[in-house]
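Structure, as structure tokens:
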Amino acid sequence: MYSDDELLPLSGLQHLAYCERQCALIHMEQVWVESEDTLRGEFFHERVDTVGYACADGVRAERRVRLTSKVLGLYGIADIVEFSSQDNETKIVPVEYKVGRPKLESWDRLQVAAQALCLEEMYGVRVNEGCLFYGETRRRERVSIGESLRDRVSELALSMHQMLESQVLPAATYGSRCRRCSLQDECMPQASAQDVRLYWERMGEGW
């Protein structure tokens with residue numbers, strides 16, 4: 001069990017799953033750079049992020065729900081959490097809004113799964129599914145919160161705690177994901193993939 005002072009941002013799990021170094025730069029070094037993608041995401045969330053709730057068809061949808069898990073050592077905010085009653089049992093479904101379109105990779109599903117585990121701990125009920133709503137398709141993708149996804153969330157949460165406790169910045173590894181990363185200039189992954197002298201010569205700087 002983690003204390004309140006030891007809780008880490010739930011959003012870091014998605015960063016870690018995408019790139020270990022990106023996660024460390026953001027959450028250890030406090031490096032953040034706005035990009036077209038991050039700005040689009042902020043504008044897209046403006047309407048959703050208004051605190052409040054709505055009720056329709058027996059479902060209460062609460063916006064900007066604060067989340068915590070002392071077991072995983074995480075805190076965060078869910079865009080929307082839907083509460084309903086089925087067979088005298090409470091059903092809880094976290095809904096995460098994304099500006100783009102569904103991805104083959106599991107990054108988004110890991111985030112909503114982590115939200116589900118937080119809600120389980122907070123409300124003492126089993127959360128079997130979550131939803132991802134994508135702005136480009138205007139459709140929901142249902143996410144089954146199975147054991148493999150739960151295990152992966154737990155592994156990532158533990159890895160993030162260990163990484164930030166170590167205060168060791170992971171080495172840069174250049175790959176296809178770097179082209180979409182807003183921290184590319186701060187990370188300089190291409191420099192680590194070649195001779196440093198040649199890199200700076202190509203950048204027009206003498207050694």
Side-chain angles (χ1 to χ4, degrees), residues 1-18 23 26-27 32 38-100 102-103 106-147 149-154 156-158 160-161:
M1 298 288 284
Y2 292 91
S3 68
D4 290 342
D5 293 337
E6 295 173 318
L7 301 183
L8 299 177
L10 186 152
S11 59
L13 298 185
Q14 193 174 24
H15 298 141
L16 183 59
Y18 185 82
C23 179
I26 294 172
H27 299 284
W32 180 256
T38 60
L39 289 173
R40 285 176 64 217
E42 289 176 8
F43 292 144
F44 182 69
H45 276 82
E46 280 185 357
R47 180 179 177 185
V48 181
D49 285 347
T50 303
V51 176
Y53 70 91
C55 294
D57 300 324
V59 177
R60 177 185 173 96
E62 296 191 7
R63 298 187 294 272
R64 285 191 61 81
V65 177
R66 294 184 179 276
L67 306 173
T68 58
S69 170
K70 296 295 184 66
V71 174
L72 296 173
L74 301 174
Y75 73 91
I77 293 178
D79 288 334
I80 290 177
V81 178
E82 295 180 345
F83 299 86
S84 61
S85 180
Q86 294 183 352
D87 300 325
N88 295 322
E89 293 185 358
T90 300
K91 180 181 180 181
I92 300 178
V93 178
V95 183
E96 177 67 16
Y97 276 58
K98 296 294 181 183
V99 67
K103 305 175 182 65
S106 63
W107 308 319
D108 294 345
R109 292 186 286 277
L110 285 166
Q111 184 176 0
V112 79
Q115 294 176 359
L117 295 185
C118 289
L119 290 165
E120 284 187 349
E121 188 175 325
M122 293 166 61
Y123 291 95
V125 299
R126 180 83 172 182
V127 179
N128 293 314
E129 70 175 34
C131 290
L132 291 161
F133 179 86
Y134 289 96
E136 288 192 20
T137 60
R138 308 301 296 178
R139 293 191 178 189
R140 284 190 178 192
E141 174 188 308
R142 293 194 174 275
V143 179
S144 176
I145 314 298
E147 293 306 316
L149 202 53
R150 292 168 179 269
D151 290 344
R152 182 59 176 151
V153 168
S154 297
L156 286 170
L158 179 60
M160 184 164 63
H161 276 279

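Because the structure is predicted, anything quoted here is derived from the model rather than measured.
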* Report the C-alpha distance between Glu129 and Lys91 in whole Å, list the side-chain angles of each, state the deciding distance to 0.1 Å, and finish with yes or no for salt bridge (charged side-chain N to carboxylate O under 4.0 Å, His left out). => CA-CA 10 Å; Glu129 70 175 34; Lys91 180 181 180 181; 3.7 Å; yes
* Does a side-chain N-to-carboxylate-O contact under 4.0 Å join Lys103 and Asp108? ->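 Between Asp108 and Lys103 there is a salt bridge, with a charged N closer than 4.0 Å to a carboxylate O.
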* Quick one: do Glu136 and Lys98 make a salt bridge, cutoff under 4.0 Å? ->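 Looking at Glu136 and Lys98, the cut-off is not met.
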Interatomic spacing from [atom1] in [X] to [atom2] in [Y] - rounded to 0.5 Å:
X	Y	atom1	atom2	result
Cys23	Gln14	SG	CD	11.0 Å
Met160	Leu158	CE	CG	10.5 Å
Ile26	His15	CD1	NE2	4.0 Å
Ser154	Arg152	OG	CZ	11.0 Å
Thr90	Arg60	OG1	CZ	12.5 Å

* Audit row: Glu121, Ser69, side chain to side chain donor-acceptor pair (under 3.5 Å) steps and yes/no -> CA-CA 6 Å; Glu121 188 175 325; Ser69 170; 2.6 Å; yes
Could you pull out the closest heavy-atom pair between [X] and [Y], with the gap in Å?
X	Y	result
Ile80	Arg63	CG1-CG, 4.0 Å
Val127	Ile145	O-CB, 3.8 Å
Val125	Glu120	O-CG, 3.1 Å
Ile77	Gln115	O-NE2, 4.0 Å
Val112	Pro94	CG2-O, 3.7 Å
Val153	Leu110	CG2-O, 3.7 Å

Flag side-chain contact, heavy atom, 4.5 Å: [X] against [Y]:
X	Y	result
Ile92	Tyr123	yes
Val93	Val81	no
Val143	Leu149	yes

* **Whether over 12 other heavy atoms sit under 6.0 Å from Arg126 CZ** =>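 Counting other residues, nucleotides and ligands, CZ of Arg126 exceeds 12 neighbours.
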* **Between Tyr75 and Asp4: side-chain donor-acceptor atoms closer than 3.5 Å** =>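 No, no side-chain donor-acceptor contact under 3.5 Å.
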* Asked: Parallel, tilted or perpendicular for His161 and Tyr2, by the 30°/60° rule?
  ->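 Rings of His161 and Tyr2: parallel, as their planes differ by under 30°.
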* Between Tyr97 and Phe133, what is the ring plane arrangement, given parallel below 30°, perpendicular above 60°, and tilted in between? ->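 Tyr97 and Phe133: tilted rings.
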* To do: Would you check, one step at a time, whether the test salt bridge (charged side-chain N to carboxylate O under 4.0 Å, His left out) holds for Glu141 with Arg139?
  => CA-CA 7 Å; Glu141 174 188 308; Arg139 293 191 178 189; over 6 Å; no
* Should Asp79 and Arg64 be marked as a side chain to side chain contact (heavy atoms under 4.5 Å, CB included) after you check the CA-CA gap, both sets of side-chain angles, and the distance that decides it? -> CA-CA 5 Å; Asp79 288 334; Arg64 285 191 61 81; over 6 Å; no
* **Check against side chain to side chain contact (heavy atoms under 4.5 Å, CB included), Ser144 and Asn128** => CA-CA 6 Å; Ser144 176; Asn128 293 314; over 6 Å; no
* For side chain to side chain contact (heavy atoms under 4.5 Å, CB included), just list the numbers for Leu74 and Leu67, CA-CA rounded to whole Å, side-chain angles, deciding distance to a tenth of an Å, and then say yes or no. => CA-CA 8 Å; Leu74 301 174; Leu67 306 173; over 6 Å; no
* Asked: What do the steps show when you test Leu8 against His27 for side chain to side chain contact (heavy atoms under 4.5 Å, CB included), and what is the final call?
  -> CA-CA 9 Å; Leu8 299 177; His27 299 284; over 6 Å; no
